[in-house]
Amino acid sequence: RAEIFVLPIALVIFIFLIGEVRLLVLPPLALAVAFVSACTAAVPLAHWTPLSPDVPPAMVSVLLAFSLDYSLFMLTRFTENKSVGLSMEENVWTLLSQTGHTIAVSGLLIAIAFFGALALPEQNLRSAGEVLGITVVACMLVNITLTPALLLLLGDSLTSSNGPCSDGCHPCRSRRWRPNSSELVSAGEDIPNQGSDQELWFSSRTSARNQGWLRLMQIVERRPVGSVAAVFFLFLPLTWQLPKLHATADIYAALPQDMPSVLALRELSKDFPAGRFDPFTVVMTAPVSGALLTEGGYAAMAEVCELLRRSGHVDSMLGPPMLIDQKVDWSKAQLWQSLAGPDTLRKAYSTVLKTHVNGSAVLLQVYTDFIPRGPQGSAWVRAVRQGLKTWEGKHPGFEATLSGGATLAADTENTVMDSMPGYLGVCVTGIMLVVLLMFRSLLLPLRLAFALLFTLAATFGMAVLVYQTPLLHGFFPWLADYKGLTYEVVPLAVCVAVALGLDYDIFLISRIVESKAS
């Protein structure tokens, strides 16, 4: 449904920017060929490594974004060249030598960003990075081969004879033609008596569609330092939010909020302690069988119950040292196991001992008042594990392990987040080396690295405001269920932010280098 909704909007934008309706047959064709190529290349990978169900939707999103993006760059350059009278052969040659080269560099750098996910320890993220990297390469290859070939064969029949500017306008972006005052006068344009060629172009009524954008670029050209400072200080407050970013192991964050199972769980958590349906478990072991069922063992287990209480959000516990909400010390345990104890409690406690004791191991079930696999789970797991380590230090020979709930996801979260600096280092270093070789500039890779890191900081700073504050709860009430970003989103967001930042940056830089060289 998303693709059906997005594609028509993209085609409307194409019509506005390109102005040739018949050329719109090429972007969907390139998109289809790129999709088939990417799927064909990814099939062997799927046999070798199982792919997460999240990979195909991400693959389609990346395919749409970059295939349409590359098609847009190709077709706008094609119509621009045609409008200044280049022959079809010259036009396609310019596409291949200039725009095609830029797309190839952009695709290579973006593929590095996605393939850099191989540095992550989580298999789903590694396979997603591989598939998305393959998708970007397929988009790049199709658009620098198939699109120019089709334009060479069908370009004349897909465009009007006079090009999109049949009224005599001459876009000054072409490297083969630059307007001067006499040409503009002969075209009947009103021009100022003095000024640069750029100012003359800005005053041309034939460029009315681009007047706003060109005026903005004129300001940037005249005041580059001020423009950089304005952008920097505009987004700087967002970067200050970055240290507050909270990665969670919330498995429900990635699910549609209107799913029946998610809605049912939310409703249950309003009326009952949510952890009652998915308890955590603490397994305590002793070096000798039965040591935990002695007077000293009960005292040690009582300390575990107390540290769990201090960690917060514990509704109740079930095990030899705790019967739901009632503490069981050594004297009570002895009483309830004897014939003198209450018959009901004696039977209940006898059942607990049978199900929660196995030789030297004792099981304690912990019921929390939050959703165990929700946004609070991983932070609670880390706090409890730290307390259990302290307990083990006080009781040599005894061990306590926490499992269930969000423990597996919390371990994965810690591993993934700890590997993020290495992943960023691999990506940024590889990208800087390629840019250095392509453009032979020392300053450009450093500027690009700074731009990427600043973009990432602003992106995650905005995520803090959206997902961790009530700023937008009035407009989007469902945001109240989020307490941060799920850890799986962080590396994927880094990949996409780096990819898009590189894409636009490389296209802009390449055009600047091209114009300077001409």
Side-chain angles (χ1 to χ4, degrees), residues 7 10-41 63-111 135-178 438 503 506-515 517-518:
L7 195 55
L11 293 179
V12 170
I13 295 173
F14 269 70
I15 293 175
F16 177 76
L17 294 175
I18 297 171
E20 293 282 1
V21 177
R22 284 173 290 180
L23 283 176
L24 296 184
V25 301
L26 297 182
L29 180 59
L31 179 66
V33 174
F35 175 74
V36 173
S37 302
C39 291
T40 302
L63 185 79
L64 277 170
F66 289 103
S67 182
L68 294 177
D69 192 34
Y70 292 156
S71 293
L72 179 62
F73 280 114
M74 276 288 188
L75 295 182
T76 52
R77 187 64 183 271
F78 175 79
T79 55
E80 175 187 329
N81 292 341
K82 185 175 176 60
S83 69
V84 297
L86 291 186
S87 67
M88 190 59 61
E89 290 76 11
E90 290 176 321
N91 194 339
V92 173
W93 172 253
T94 302
L95 283 181
L96 289 172
S97 61
Q98 301 295 341
T99 310
H101 175 265
T102 303
I103 289 176
V105 174
S106 171
L108 175 61
L109 295 179
I110 295 170
T135 302
V136 170
V137 172
C139 292
M140 179 261 291
L141 292 177
V142 168
N143 278 279
I144 65 175
T145 56
L146 179 63
T147 301
L150 291 175
L151 287 172
L152 185 60
L153 292 173
L154 307 172
D156 288 327
S157 60
L158 293 177
T159 56
S160 58
S161 59
N162 293 325
C165 297
S166 58
D167 59 350
C169 70
H170 299 280
C172 66
R173 291 177 293 175
S174 172
R175 66 181 181 88
R176 298 202 175 197
W177 184 86
R178 293 291 185 272
M438 291 292 182
D503 187 37
I506 291 301
F507 272 99
L508 182 62
I509 291 171
S510 297
R511 200 65 191 269
I512 291 172
V513 171
E514 177 189 340
S515 298
S518 64

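The first residue in the sequence is number 1, and the count goes up from there.
- In this view, Leu153 satisfies the side-chain contact (heavy atoms from CB on, under 4.5 Å) rule with no residue, not counting sequence neighbours.
- Here Leu75 contributes atom CG and Lys82 contributes atom NZ; the two are 13.0 Å apart, rounded to the nearest 0.5 Å.
- Within the 4.5 Å cutoff, the side chain of Phe66 has heavy atoms near those of the Ile110 side chain.
- Residues satisfying the side chain to side chain donor-acceptor pair (under 3.5 Å) criterion with Ser71, sequence neighbours excluded, are Asn143.
- Here the straight-line distance linking atom CZ of Arg77 with atom CZ of Phe73 works out to 11.5 Å at 0.5 Å rounding.
- You'll find the side chain of Val105 reaches within 4.5 Å of the side chain of His101, heavy atoms only.
- Residues meeting the ring pair (Phe, Tyr, Trp, His ring centres under 6.0 Å) test with Phe35, sequence neighbours left out: none.
- No side-chain heavy atom of Tyr70 sits less than 4.5 Å from a side-chain heavy atom of Thr147.
- The distance from atom CE of Met74 to atom CD1 of Ile103, rounded to the nearest 0.5 Å, is 4.0 Å.
- In terms of modelled atom types and a separation under 3.5 Å, the side chain of Ser37 and the main chain of Val33 share a donor-acceptor contact.
- The ring pair (Phe, Tyr, Trp, His ring centres under 6.0 Å) check on Phe14 picks up nothing, with sequence neighbours excluded.
- Take Val513 and apply the side-chain contact (heavy atoms from CB on, under 4.5 Å) test, not counting sequence neighbours, and it matches Phe439, Ile509.
- For the side-chain contact (heavy atoms from CB on, under 4.5 Å) test with Leu150, the passing option among Leu158, Thr145, Leu29 is Leu29; the others fail.
- Using a distance-only test at 3.5 Å, with no hydrogens or angles considered, no donor-acceptor pair links the side chain of Ser510 to the main chain of Phe507.
- A search for side-chain contact (heavy atoms from CB on, under 4.5 Å) contacts involving Leu96 returns Val92, Pro148, not counting sequence neighbours.
- Contact detail for Leu95 and Phe78: the closest heavy-atom pair is CD2-N, 3.8 Å.
- Scanning both residues, Ile144 and Gly100, for their nearest heavy atoms gives CG2-O, 3.6 Å.
- Distance check: Leu108 CG to Met438 CE gives 5.5 Å after rounding to the nearest 0.5 Å.
- Ala111 and Val137 make their closest contact through CB-CG2, 3.9 Å (heavy atoms, listed as atom of the first residue, atom of the second, distance).
- Between Thr159 and Arg22 there is no side-chain heavy-atom pair separated by less than 4.5 Å.
- By the 4.5 Å heavy-atom criterion applied to side chains, Gln98 and Trp93 are not counted as neighbours.
- Between the CG atom of Asn81 and the CG atom of Leu86 there is a distance of 5.0 Å, given to the nearest 0.5 Å.
- Residues that satisfy the side-chain contact (heavy atoms from CB on, under 4.5 Å) test with Ser157, not counting sequence neighbours, are Leu154.
- For Asp69, there are no side chain to side chain donor-acceptor pair (under 3.5 Å) partners at least two apart in sequence or on another chain.
- Counting only distance, with no hydrogens or angles, the side chain of Ser67 and the backbone of Leu64 share no donor-acceptor pair below 3.5 Å.
- A distance of 5.0 Å separates CG in Leu63 from CG in Leu31, rounded to the nearest 0.5 Å.
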